[in-house]
Amino acid sequence: MNRIPRRSATVAAAVAAAGLVLAGCSSDDGTTAEDVVGSATSAAQSAVEGATSAARSAVEDATGTGGSTEPGASVEETTTLPGAGGAEYTISGPILAKYNEIGGANSPLGAPTADQQDVGDGYIAEFEGGIIAWSPDTDSHVVWGEIRTAWEAQGGAEGELGFPISDERPIPNGLESEFEMGTITYVAGATQVIPK
């Protein structure tokens with residue numbers, strides 16, 4: 001996406017440079033240097049406005065936001081995905097976007113095992129290899145493996161830890177996921193829940 005604004009700047013600079021070169025030349029038809037520079041400036045402004053509009057349209061098309069630039073604006077796409085045994089499950093919005101971002105059914109998450117569910121002010125979708133949880137305060141994050149087991153034992157998103165605020169990440173000798181109200185680590189085959 002950065003190519004469009006760079007191209008606009010290049011075009012605008014070329015038009016302005018041409019205007020300056022032309023301004024230095026004399027004209028037999030009465031055109032002044034001011035007229036040439038004014039035309040070059042107008043052309044440059046038009047090029048920049050056109051490129052800006054094209055870039056905005058490209059972003060809207062890519063994100064489905066219809067021009068929304070609000071922080072936290074999300075794609076509200078909904079789709080039905082095949083699950084194990086041929087059942088179909090509905091996944092949407094930021095959870096679908098996260099699922100696709102990490103590779104969909106070809107990722108370690110695998111296929112969905114249930115429809116996306118409302119939980120508190122967010123959503124959760126279960127997959128063969130883990131869960132994606134989303135809330136407006138936390139964004140979408142994956143919880144899986146032993147950390148998922150420990151999180152669910154604490155009540156999941158509606159429990160004392162709340163929604164995840166990070167994806168699982170490596171730490172020395174193990175893994176860690178952060179939640180709204182605490183952290184779960186998995187080190188040397190053991191999980192530890194650390195409330196805030």
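Just so you know, residue 1 is the first one in the sequence shown, and it goes up from there. Please read all numbers here as calculations on a predicted model, not as lab measurements.
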Q: Enumerate the residue pairs fulfilling salt bridge (charged side-chain N to carboxylate O under 4.0 Å, His left out) with a member in residues 172-196, sequence neighbours excluded, ordered by first and then second residue.
A: Arg169-Glu176, Arg169-Glu178
Sequence neighbours excluded and cut-off under 3.5 Å, please list the side-chain donor-acceptor pairs for residues 152-159, or say none.
{"unit_1": "Glu152", "atom_1": "OE2", "unit_2": "Arg148", "atom_2": "NE", "d": "3.1"}

Q: Any chance you could pull the hydrophobic cluster mates of Ile171, using side-chain heavy atoms under 4.5 angstrom and chaining through other members?
A: Val187
Q. If we only count heavy atoms from C-beta on, is the Pro195 to Met181 side-chain gap below 4.5 Å?
A. no
Q) Residues in side-chain hydrogen bond (donor to acceptor under 3.5 Å, both in side chains) with Ser135, at least two apart? A) Thr138
Q.
According to side-chain hydrogen bond (donor to acceptor under 3.5 Å, both in side chains), who are the partners of Asp167, at least two apart in sequence or on a separate chain?
A. Lys98, His141
Q: Quick one: which residue pairs count as a ring-ring contact (aromatic ring centres under 6.0 Å, His included) with a foot in residues 158-196, not counting sequence neighbours?
A: Trp151-Phe179
Q) Can Val143 be reached from Val193 by stepping across I, L, V, M, F, W or Y side chains whose heavy atoms are under 4.5 Å apart? A) yes
Q: For the pair Ile184 and Leu161, evaluate side chain to side chain contact (heavy atoms under 4.5 Å, CB included) and give the outcome as yes or no after the intermediate values.
A: CA-CA 9 Å; Ile184 299 176; Leu161 295 175; 3.6 Å; yes
Q) Can you list every salt bridge (charged side-chain N to carboxylate O under 4.0 Å, His left out) pair that touches residues 103-123, not counting sequence neighbours? A) none
Side-chain atoms of residues 100-113: list all donor-acceptor pairs with protein atoms under 3.5 Å, sequence neighbours left out, distances to 0.1 Å.
{"unit_1": "Asn100", "atom_1": "ND2", "unit_2": "Leu96", "atom_2": "O", "d": "3.4"}
{"unit_1": "Ser107", "atom_1": "OG", "unit_2": "Gly104", "atom_2": "O", "d": "2.7"}
{"unit_1": "Ser107", "atom_1": "OG", "unit_2": "Leu109", "atom_2": "N", "d": "3.1"}
{"unit_1": "Thr113", "atom_1": "OG1", "unit_2": "Glu126", "atom_2": "O", "d": "3.4"}

Q) Is there any ring-ring contact (aromatic ring centres under 6.0 Å, His included) pair reaching into residues 98-127, and which pairs are they, with sequence neighbours excluded? A) Tyr99-Phe127, Tyr123-Trp134
**Q.** Thr90 side chain to Gln116 side chain, donor-acceptor N/O pair below 3.5 angstrom
**A.** no
Q. Who pairs with Glu168 by side chain to side chain contact (heavy atoms under 4.5 Å, CB included), at least two apart in sequence or on another chain?
A. Trp144, Ile147, Leu175, Ser177
(Q) Can you list everything that forms a side-chain hydrogen bond (donor to acceptor under 3.5 Å, both in side chains) with Thr185? Sequence neighbours excluded, please. (A) none
Q: Sequence neighbours left out, what passes side-chain hydrogen bond (donor to acceptor under 3.5 Å, both in side chains) with Glu88? Give chain and number order.
A: none
Q) Is there a donor-acceptor pair under 3.5 Å between the side chain of Thr191 and the backbone N or O of Ala150? A) no
